[in-house]
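This report concerns only the one structure given below.
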Amino acid sequence: MLEKTYSAQPVEAKWSATWRAADLFHGEPGAVAPGGEIKPFVVVIPPPNVTGALHVGHALDNTLQDIFVRYHRLSGRPVCWVPGTDHGGIATQSVMEKQLKAEKLTRLTLGREKFLARMQVWTRQCKNTILGQLERLGCALDWRREAFTMDEDRAESVYEAFKTLWGKGWIYRGERMVNWCVHCGTALSDIEVEFEDRKGHLWHIHYPAVDGGRGAVVATTRPETMLGDTAVAVNPKDSRYQGLAGKKLRLPLTDREIPVVGDEYVDSDFGTGALKVTPAHDANDFEIGQRHKLPAVTVISPDGHMTEAAGPAYAGLSREAARDKIVEDLKAAGLLEKVTDYPHSVAVCYRCNQAIEPLVSWQWFVRMEELAKPAITALDSGRFRLYPDSWAKPYRQWLGNIRDWCISRQIWWGHRIPVWYCVKCHGERIKTDFHQVAQARGVLSVAQPESCRVCGGSEFVQDPDVLDTWFSSALWPFSVFRWPGRTPELKFFYPTSLLVTGYEILYLWVARMQMMGLALTGEAPFPECLIHGIVRDKSGKKMSKSLGNVVDPLVMMDKYGTDAFRFSLVIQAHPGKDIPFAESSITGSRNFANKLWNSTRFVLMHLPEAKIYSLAGLDRKKLELCDRWILAEYQAALAAVREKLDVYEPAAAADALYGFLWDKFCDWYVELAKIRLQGADEIAKNTARTVLVEVLDGTLRMLHPFMPYITEELHAALKPFVGVPGRFVVEAGLPRSGDQTDDAARRDMGTVMEAVTALRTLRSQLNVPPGLKIRVVSAGGSQETRQLLDRHADYLKALVHIEELSYSADGVRPPHSATAVAAGMSFYVMLQGLIDFSQERERLRKEIVKVETELTKISSKMENKDFLARAPQSEVELARNQHDAARARHERLKETLTMLSA
RNA sequence: GGGCAGUUAGCUCAGCGGUAGAGCACUGUCCUCACACGACAGGGGUCACAGGUUCAAAUCCUGUACUGCCCACCA
C-alpha cells in the first residue's frame, strides 16, 4: 500500500539508478524504435561550462529538452540526446585563477603546463558534478555519448574546421582595434561585450593653439586617453571652427603639438563640437586616424597601466589613478574648463564586468559575410525555424549586419591555434613579443612542422593564443558525432532535430552553429530551435551571486522533489517569456504530484484482483454517462497536449494535463466512480475500474515527459492491471488516441454538473452542515432534461448529498424549501426549520439581479438585426440558446419569489 | 538613435474576434472511508489610455503613455 503522502527522494533515487542500469536512453545508429519509425529525434545538449554547478536556468533548459526527448521516445521514434560540457574558455580560466589567488599563486608563477594540468583535474570534477545533476534532474541523456568541447574527438573537429575556413581564405590574422579586457588579459569578440549605464562625467579640456589663438575646448568621458591624442577633429561645416583646421594645438600636460583636422564624423551639436582624437584607444578615433594618416600613440598597456609613452609623470599608473592625476594636473594648469555629470553606457566584459579597453593588436579573425549568407537563406527558405518566430527578425538583422569575428584569445585554457612560426624567418623576437611582430606568416599544423619551406629552418614556435570557446561550441551539433569522420552516428543522427536554448546566446551560439554547420557540412545543423526565456527571481531580477538571489536547483529538488521542481518551471515557460521564479510556485506543483499519488492510491485500493482491465475488451454499452464523458475529456486533453508540444508550447501542454487530471478526473470522475465501486454490482464495478485504470494510466504516460519519476513509479504500480508493453513508461508508448469526441456525453454531463453545482451552492449559502443529507423536489424543465436527471439521480444524490430526490409534476413550491434554478429546472430544497424566509427572499432577489444583467446583455444581442443577419449561424444559435436559458432561469426565480412572498 | 516585447483579479501570468480565465493569496463551511500537499462554496477585473474597423474587440488597425529587452561607434 502506498503512503498517504508522496515522498519523492526514494522514488527518484530508485528510478534514476534503474534507468541507468538498463541503459535505457542509449540510441544506436540504425536503431528502429518499437513503433517502427526510422527517422530519429536528435538533440544535442547546450553544453554547460565547467565552471561550477548548474543553476535554475540549466534546470529549465534541460527539463524542456527532456520533455521533447521523452515525448518523441514515447511516440515511438528512435531518440538520441547527447550530453556534454563546454571547456568554457575565459570563464573557466578565471574560476581557476580565483582558486589560485586563494593559494597565493598565479597562472604565471605556475607556468602554462602545470596550469593546464590543474585545469584538467578541475574539469573532471566539474563534469562529474554537472552530469550528476543532469541525471538527478531526470534527463534521458544518452550517457555513452558524453562529449567535451576540448577532448580529442572535438579537437579534431576544431582543427578540421580551422583548416577548411583557412583554405577558403575566411580565416586571417590582422591588426585591428579589438575589445580588450584588462582584467581577463585577452581580446574579446564584439558580442562578448556588454553595455552598462554608469554615472560618469564629461570633462571639458582646453587645448590652446600654438600660434596663440584661442585653440579649442574638447569634451571627453575619458581624460586619461588625452595623453594619446594625436589630433583634434571638428566638423568642416561648423561655423565656429572655420579656419581652425590645419592649425596646431598644444596638447596639455605634454610637449606635443597636434593638428586640427576636419572630419564629417564629428557631431557639431555634441559637447563643444570639437573632438579629441585618440587613435590607439577608441574605435572611432582609430578610423579618423586612418583617414587623416595620424599616428597612434599607445598610452595604456594591455594590463591597464599607463605606458612610457604617457610620459614620466604618468607611466606605470593604473588607468584609474592616471585619470585622477590628469584631472588634478589640468585643473592646476587652468585648462579644465568645466566638469559636468554625464551618465553614459560603458562597454564591459561579459565575464568579469570590467570596463573594456579598446586596443589595437594583432588577432585572428573569421570573415563572416560569406558564412552569414547561407544562414540567412536557411531562415528565409524555412529550412531553419525559430520558436517563437518573433526571434526571426532580430536574428536575420544580426546576420545581415555581421562583422568579422575575433577568434583569438590571449588565455591558456582552450584549443591552441594550430599555426606555427619559423624562428629563423621572424627572428628571436617572435618567442617573446609575439603580438608585436607584425605580418608574422604562420604554417597551419597541429604538431610542430619539420622544416620551414621558405628558409629550411627547423625551429618553430606555436601561436600562443587559443581559440574563442565559442569556436568549438559552434561545431557542437556535428563534432559530438565525430565529424569530420564519416562515422555511422554522424550519418544517422545528423542533422539533429531540435535545439533548445535561451535567447541570451542566440547570436553567440545558435547563429554560429547555423553558419558553421551550413559551411562545413552543407546542412542546417538543426531545422528548429526553441528559444526560451531566462529564469529570474520572484521580483523579476536576474539571478546573480552578487545579488544573493540565486536559487540552487538541488535545494529545490531536495525540498519539493524533482518532478515538482521541473513542473513548476515548465508550466511557466510560455514562449518568449522570462520566468519569475518564486518558491511558492513549486508548492503548487508538489501538491499536484501528491494529487497524482493519491488518485493512483485510490484506484489501486479498488483493484482487488491482479488482472488486466482492458477498455478494448469492454462492452461499450456498459459505459455510463460519466464514463463516456471522462473518456471524451481525456481524449480532448491528450489531443491538446500533443498539439501544444508539436508547436513547442510546453507550458500550455502542462496546463492541459494539470487541468484535466485535477478538475475533471479527480473532482468529478473519481467521485462518480465511487458510486459503483462502493456498490454491489460486480459488472458495474468492473466497468468503473476499467475506465479508471485506462484514463489514469494514459494520463500518467502522457505526463511522463514532464514528471518522469512519479509517473514511472505510479505506472509501475498500475502495470499489473494495464495491458501495456515494456518495462518502463518510455517503452509503453503514448496512450491510444481516441475515436469520437462524444459531444452528447459532454453536453449531458454538463447539464448534470450544472444542477450539482447549483444545489451545492445553495447548500453552502444556507449553511447546511456537510454531514446533513437533504431532500430535494425538482420541478419544471424540458422532458429531456427531466429524464436525464432522473436517469442520473444517483449522481446528484452522491455529489450533493441528497437522501431523497423526487419530481413534482404540478411545480408548486413545497413549504419550508429554498430554491435553486439550473438546467431550466427548479430544485426545491426541503429544509424545515433551517430557513429564514426573509433571508431566502433576499438571496433570490440577488440571484434575479444577476440573471437580469446577463439577460439584458444577451437580449440586446438578440434584438440586434445586424447580428441576426450577419453573424454566423452557429453563433446566432448559441446566443438563442443562452437567451432561452437565461429567460427560463429568470422566470423560475421570479416565480419562486412570488410564491415565497405569498 | 533604431528594433522587439509587454501593460488582463492583491501577486505571477494564460487567453488573442463571439457573455472575462488559471495558479497563489483571500473569505466561509468541512479532518465526508484517495489526498487538509485535501473537498465544497464564495468575494475580487470599466482586460493602460484615446480613436478607428466590425453585427460583435481584452482579442484586429492607428496613435499616446509607461515598463522591460535587444541592437547601434556619438566623444
Side-chain angles (χ1 to χ4, degrees), chain A residues 2 4-6 177 191 195 202 218-222 225 233 265-267 269-278 282-287 342 344-345 347 358 388 390-391 393-394 397-398 401 503-504 506-507 533-534 538-540 560 564 568 571-572 574 576-582 584-585 587-606 651-652 655 658-659 663 666-667 670-671 674 678 757 760-765 767-771 799-801 853-854 857-858 861 864-872 874-876 878-879 882-883 886:
Chain A
L2 304 178
K4 215 169 168 181
T5 306
Y6 174 56
M177 173 71 67
I191 34 177
F195 290 89
L202 208 48
V218 298
T220 181
T221 54
R222 303 197 56 202
T225 63
Y265 168 77
V266 181
D267 177 0
D269 295 330
F270 187 89
T272 60
L275 169 70
K276 63 190 272 305
V277 182
T278 325
D282 184 279
N284 293 311
D285 294 8
F286 181 77
E287 281 172 26
Y342 184 65
H344 63 295
S345 74
S390 53
W391 284 108
K393 200 171 167 181
Q397 207 165 40
W398 186 80
N401 299 327
Y503 59 76
E504 73 273 21
L506 180 60
Y507 310 129
I534 291 172
K538 64 177 173 210
S539 56
Y560 301 99
S568 70
I571 203 149
Q572 295 181 88
H574 295 285
K577 289 277 171 85
D578 284 348
I579 296 172
F581 187 84
S584 63
S585 70
T587 19
S589 300
R590 192 260 329 255
N591 296 352
F592 179 54
N594 196 238
K595 193 73 179 173
L596 285 171
W597 181 260
N598 276 292
S599 41
T600 307
R601 200 161 73 96
F602 170 81
V603 171
L604 289 171
M605 281 171 129
H606 291 91
D655 190 58
Y658 182 99
D663 303 339
C666 289
D667 287 350
V670 166
E671 292 309 316
K674 282 177 183 172
Q678 284 157 11
T757 304
R760 292 212 282 218
T761 302
L762 185 64
R763 278 189 72 122
S764 172
Q765 283 173 340
N767 285 321
V768 179
L799 296 180
V800 187
H801 235 83
T853 48
E854 192 187 330
K857 264 189 200 165
I858 309 174
K861 204 169 179 178
N864 185 340
K865 283 197 190 79
D866 288 326
F867 172 71
L868 297 173
R870 302 203 191 190
S874 58
E875 277 309 318
V876 178
L878 196 73
Q882 286 168 345
H883 189 236

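Here the structure is a predicted model, which is why all the values come from computation and not from measurement.
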Got a sec, which residues hit salt bridge (Lys or Arg N to Asp or Glu O under 4.0 Å) with [X], two or more places apart in sequence or on another chain?
| X | answer |
| --- | --- |
| Glu671(A) | Lys674(A) |
| Arg590(A) | none |
| Lys538(A) | none |
| Asp655(A) | none |

[X] has an atom [atom1]; how far is it from atom [atom2] of [N], in whole Å?
| X | N | atom1 | atom2 | value |
| --- | --- | --- | --- | --- |
| Phe581(A) | C13(B) | CZ | P | 14 Å |
| Gln572(A) | G15(B) | CD | C1' | 17 Å |
| Leu762(A) | G28(B) | CG | C1' | 15 Å |

(Q) Ignoring hydrogens, what is the shortest heavy-atom contact between Thr220(A) and Lys276(A)? Give both atom names and the distance. (A)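 Nearest heavy atoms, Thr220(A) then Lys276(A): CB-CD, 3.5 Å.
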By side chain to side chain donor-acceptor pair (under 3.5 Å) - contacts of [X] (at least two apart):
| X | result |
| --- | --- |
| Glu854(A) | none |
| Glu287(A) | none |
| Asn591(A) | none |

Q) With nearest nucleotides of RNA chain B determined for Phe867(A) and Ile579(A) from heavy-atom distances, which residue corresponds to the more 5′ nucleotide? A) Ile579(A)
Q. Of Asn864(A) and His801(A), whose nearest nucleotide on RNA chain B comes first from the 5' end?
A. His801(A)
When the [atom1] atoms of [M] and [N] are compared, how many Å lie between them, rounded to an integer?
| N | M | atom1 | value |
| --- | --- | --- | --- |
| A41(B) | C24(B) | P | 15 Å |
| C47(B) | A34(B) | C1' | 39 Å |
| G21(B) | C61(B) | C1' | 26 Å |
| C33(B) | C16(B) | C1' | 46 Å |
| G15(B) | C73(B) | C1' | 44 Å |

Heteroatom pairs (N/O) under 3.5 angstrom, protein to nucleotides 7-10 of chain B:
none

Q: For Tyr503(A) and Asp578(A), test the side chains for any donor-to-acceptor distance below 3.5 angstrom and give the result as yes or no.
A: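 Note: Tyr503(A) and Asp578(A) side chains meet the donor-acceptor criterion.
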(Q) Each nucleotide in nucleotides 69-75 of chain B should get exactly one letter: B, S or -. Can you fill that in based on protein heavy atoms under 4.0 Å? (A) -S-SBBB
Q: Indicate for each nucleotide in nucleotides 33-44 of chain B, in 5' to 3' sequence, whether protein heavy atoms under 4.0 Å reach the base (B), only the sugar-phosphate (S), or nothing (-).
A: -BB-BSSSSSS-
Q. Could you spell out the base pairing of RNA chain B in dot-bracket, with Watson-Crick or G-U pairs whose two distances are under 3.5 Å, [ ] crossing and | to another strand?
A. ((((((((.[[[[.)..(..]]]].(((((.......))))).....[[[[[..)....]]]]])))))))....
(Q) Under the criterion side-chain contact (heavy atoms from CB on, under 4.5 Å), I'd like the reasoning laid out for Phe270(A) against Leu202(A): C-alpha separation, chi angles, the key distance, then a yes or no. (A) CA-CA 11 Å; Phe270(A) 187 89; Leu202(A) 208 48; 4.3 Å; yes
Table of protein N/O atoms under 3.5 Å from nucleotides 19-22 of chain B N/O atoms:
unit_1	atom_1	unit_2	atom_2	d
U19(B)	O2'	Lys857(A)	NZ	3.2

